[in-house]
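Take a look at the structure below.
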Amino acid sequence: MTAAAAAETAQPRTERLVHAVNVTKSFHHNEVLKGIDLDVDRGQVVCLLGPSGSGKTTFLRCINQLETIDGGRIWVDGELMGYDDRDGRLYRLKNKQIAAQRREIGMVFQRFNLFPHMTAIENVMEAPIQVKGEGKKESRVRAQGLLDRVGLGDRGTAYPAQLSGGQQQRVAIARALAMQPKLMLFDEPTSALDPELVGEVLAVMRELADEGMTMIVVTHEMSFARDVADTVVFMDAGVVVEAGRPREVLGNPQHQRTKTFLTRLHSEHDHP
Amino acid sequence: MTTDSETRPTESAADRPGAIDAVPVRHPGRWVAIAVIAVLAAMLLHLLLTNKAFEWRFVFEAMNQSQVISGFVKGTLLVTVLSMIVGVSGGVLLAVMRLSDNPILAGVAWVFTWFFRSIPRYILLFTMGTLGILFQEGVAFGVPFDWKIIEWLGFSGDWRLFTLDANQIFTGLVAGVIGLGLSEAAYMAEIARAGIMSVDKGQAEAAEALGMGSGKVMRRVVLPQAMRVIVPPTGNETIAMLKDTSLLVAVPVIGELFYQLQSIGSTYYKTFPIAVAAALYYLAVTSILMVGQYFLERHFGRGFGNKAPRAARPAGAGGA
């Protein structure tokens with residue numbers, strides 16, 4: 001690390017849960033993130049919007065280190081992700097330590113990624129038992145509570161293949177919540193769903209937001225962003241084009257790229 | 001049945017098309033095939049029952065000899081089970097090594113697979129029986145190169161925990177199991193690798209995102225799903241292994257089914273009934289193995305098959 005990079009390691013402030021500074025990432029010389037800054041306070045809901053290929057999913061995956069970043073820093077709850085900073089020199093964390101950092105960050109995927117060989121309730125119980133060492137009985141009770149919460153209390157014994165897409169995604173949310181995360185990441189959680197199933201997943205997410213969960217959501221659902229988000233971040237070509245309150249960014253975009261994106265989106269969807 | 005919710009003025013409900021009672025397509029070819037097969041089956045049955053060469057009484061007597069049964073249990077069944085245990089666990093280990101980020105482990109796995117797939121089993125087993133010549137002072141367990149280190153440091157004695165007699169290891173059933181097991185591991189490595197690679201990458205990512213370490217991801221999420229792909233070819237391998245135990249004669253092992261049957265055959269100058277006896281043994285065990293494979297496949301296919309009826313509820317109750 002250079003001295004300049006080391007100087008950048010400012011102390012994160014405590015009300016901030018996520019603090020990302022100048023995050024860069026390339027895949028085979030193709031720079032997909034060109035210096036992303038993002039701050040998320042506790043209890044905030046941030047929606048990442050932007051055309052496909054803008055880097056929003058990659059950025060989300062960088063936060064819980066499914067991708068390693070090439071430059072910049074990401075702190076979650078004051079903890080530098082992926083590295084140990086000893087007097088400005090960075091030491092890569094071991095896989096075990098990275099796994100420990102991920103425990104407190106829940107992630108929901110576009111394609112659900114439920115474990116197909118386990119029933120719904122086993123999916124929810126798996127991480128608490130295997131990772132936290134929770135007892136089977138206790139974990140089952142909590143898992144049942146979480147399934148109730150996402151409206152699937154009666155589907156615990158079903159295998160994922162026996163559930164609709166919307167139901168699978170709700171189980172996936174329950175599975176992530178079972179680790180009692182302080183941050184939830186949603187990677188286009190409704191993009192793989194039939195239109196009539198989108199609502200049930202968004203409803204669960206709205207409720208989660210109302211309960212004060214800190215959430216970063218990559219989405220194309222403008223109504224969700226407008227109603228639920230505290231901050232909307234518009235990304236394009238690996239940079240943050242603009243960010244702000246949803247009413248400002250969506251209602252009165254300042255940049256041409258945002259305007260173009262929103263107009264195209266409106267013309268594609270019947271609902272604004 | 002039609003519902004008469006809407007009846008056109010010009011036609012009564014009775015005129016509307018009802019249940020279909022059509023003439024099915026005829027399959028004359030099937031009847032011809034049945035006739036041909038029935039005749040062939042009758043010929044086969046006739047051959048089996050009337051041809052004197054079978055000497056059924058001798059076949060069953062030979063099958064019942066104590067040395068044949070013991071050869072079958074120890075040389076065939078036991079060696080199959082032990083070799084497959086070595087082969088499957090070694091194969092999974094090799095597959096995980098081959099797919100790991102560590103280039104040394106991946107390279108070692110590749111070389112192992114290359115070596116043991118290259119050598120015919122018969123020759124491998126023959127070599128196994130002669131390996132004792134490499135270790136005339138026995139196979140010692142302790143500090144590697146201890147005599148050199150001791151010589152450099154000017155000490156005397158040795159740093160060995162225990163020493164096994166190589167001629168005891170590389171002989172008989174032990175040599176057979178080592179040879180067949182290592183050879184099998186090379187094949188199983190490829191099968192297990194294909195199985196692991198067949199699991200969607202999103203599965204490992206989801207498990208990692210939950211904070212599971214790489215070992216847990218493999219054991220709890222990837223391998224159980226890979227098993228669905230691994231089990232059918234492993235059943236094949238087990239059946240092949242059952243039959244390859246007849247190669248044990250190369251070691252040489254004589255406590256094995258076919259060798260024992262053959263020796264009876266040559267004593268009584270009856271070669272053909274002996275072949276029939278061996279075939280019957282192998283047929284019986286293979287049938288049992290196939291039943292076992294069915295249950296294994298059903299176990300690892302859970303969540304994938306259509307055991308339970310698909311939930312007929314495309315839209316859920318909404319997010320409560």
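Computed from heavy atoms alone, side chains included, the values below leave out hydrogens, waters and symmetry copies. This is a predicted model, so every value here is computed, not measured. Letters A, B, ... mirror the listed sequences (proteins, then strands); counts begin at 1.
Separating the CG atom in B:L210 from the CZ atom in A:R103 is a distance of 10.5 Å, to the nearest 0.5 Å. In this structure, NE2 in A:H117 is found 11.5 Å from CE in B:M227, a value given to the nearest 0.5 Å. Distance check: B:E205 CD to A:M107 CE gives 7.5 Å after rounding to the nearest 0.5 Å.
With a 4.5 Å cut-off on non-hydrogen atoms, A:R206 does not touch chain B at all. In this structure, the portion of A:M118 lying under 4.5 Å from any heavy atom of chain B is its side chain and not its backbone. A:I105 touches chain B through its backbone: at least one of N, CA, C or O sits under 4.5 Å from a heavy atom, while the side chain does not. Neither the backbone nor the side chain of A:I98 comes within contact range of chain B; no heavy atom of the residue lies under 4.5 Å from a heavy atom of that chain. For a residue to count as touching a neighbouring chain, one of its non-hydrogen atoms must lie under 4.5 Å from one of that chain's; by this rule A:F115 touches chain B with backbone and side chain alike. When heavy atoms are compared at a cutoff of 4.5 Å, A:P160 does not approach chain B at all. Only the side chain of A:E126 comes within contact range of chain B, judged by heavy atoms closer than 4.5 Å.
Residue-environment remark: CZ (B:F115) stays at or below the threshold of 12 foreign heavy atoms within 6.0 Å. More than 12 heavy atoms of other residues, nucleotides or ligands sit less than 6.0 Å from atom CZ of B:F162. With a 6.0 Å radius and a threshold of 12 heavy atoms from other residues, nucleotides or ligands, B:K74 has its NZ atom at or below the threshold. Other residues, nucleotides and ligands contribute more than 12 heavy atoms inside 6.0 Å of the NZ atom of A:K132. Heavy atoms from other residues, nucleotides or ligands lying under 6.0 Å from CG of B:D101 number 12 at most. When the shell of 6.0 Å around CZ of A:R111 is examined, it contains 12 or fewer heavy atoms from other residues, nucleotides or ligands. For B:M197, the CE atom counts as densely surrounded, since its 6.0 Å shell holds more than 12 non-hydrogen atoms of other residues, nucleotides or ligands.
Interface summary for chain B: among A:L114, A:T119, A:L185, A:L202, the most heavy-atom pairs under 4.5 angstrom belong to A:L114. The choice from B:P224, B:G213, B:G202 that makes the most heavy-atom pairs within less than 4.5 Å of chain A is B:G202.
Scanning all heavy atoms of the two residues, the minimum distance from B:G303 to A:A161 falls at O-CB, 3.4 Å. Across all their heavy atoms, A:N64 and B:A209 have their closest contact at ND2-CB, 3.7 Å.
Sorted by first and then second residue, the side chain to side chain donor-acceptor pair (under 3.5 Å) pairs with a member in residues 224-234 of chain B read B:Q203-B:Q225; sequence neighbours excluded.
Checked by atom type and distance alone, the side chain of B:K216 pairs as donor or acceptor with a backbone atom of A:Q130 at under 3.5 Å.
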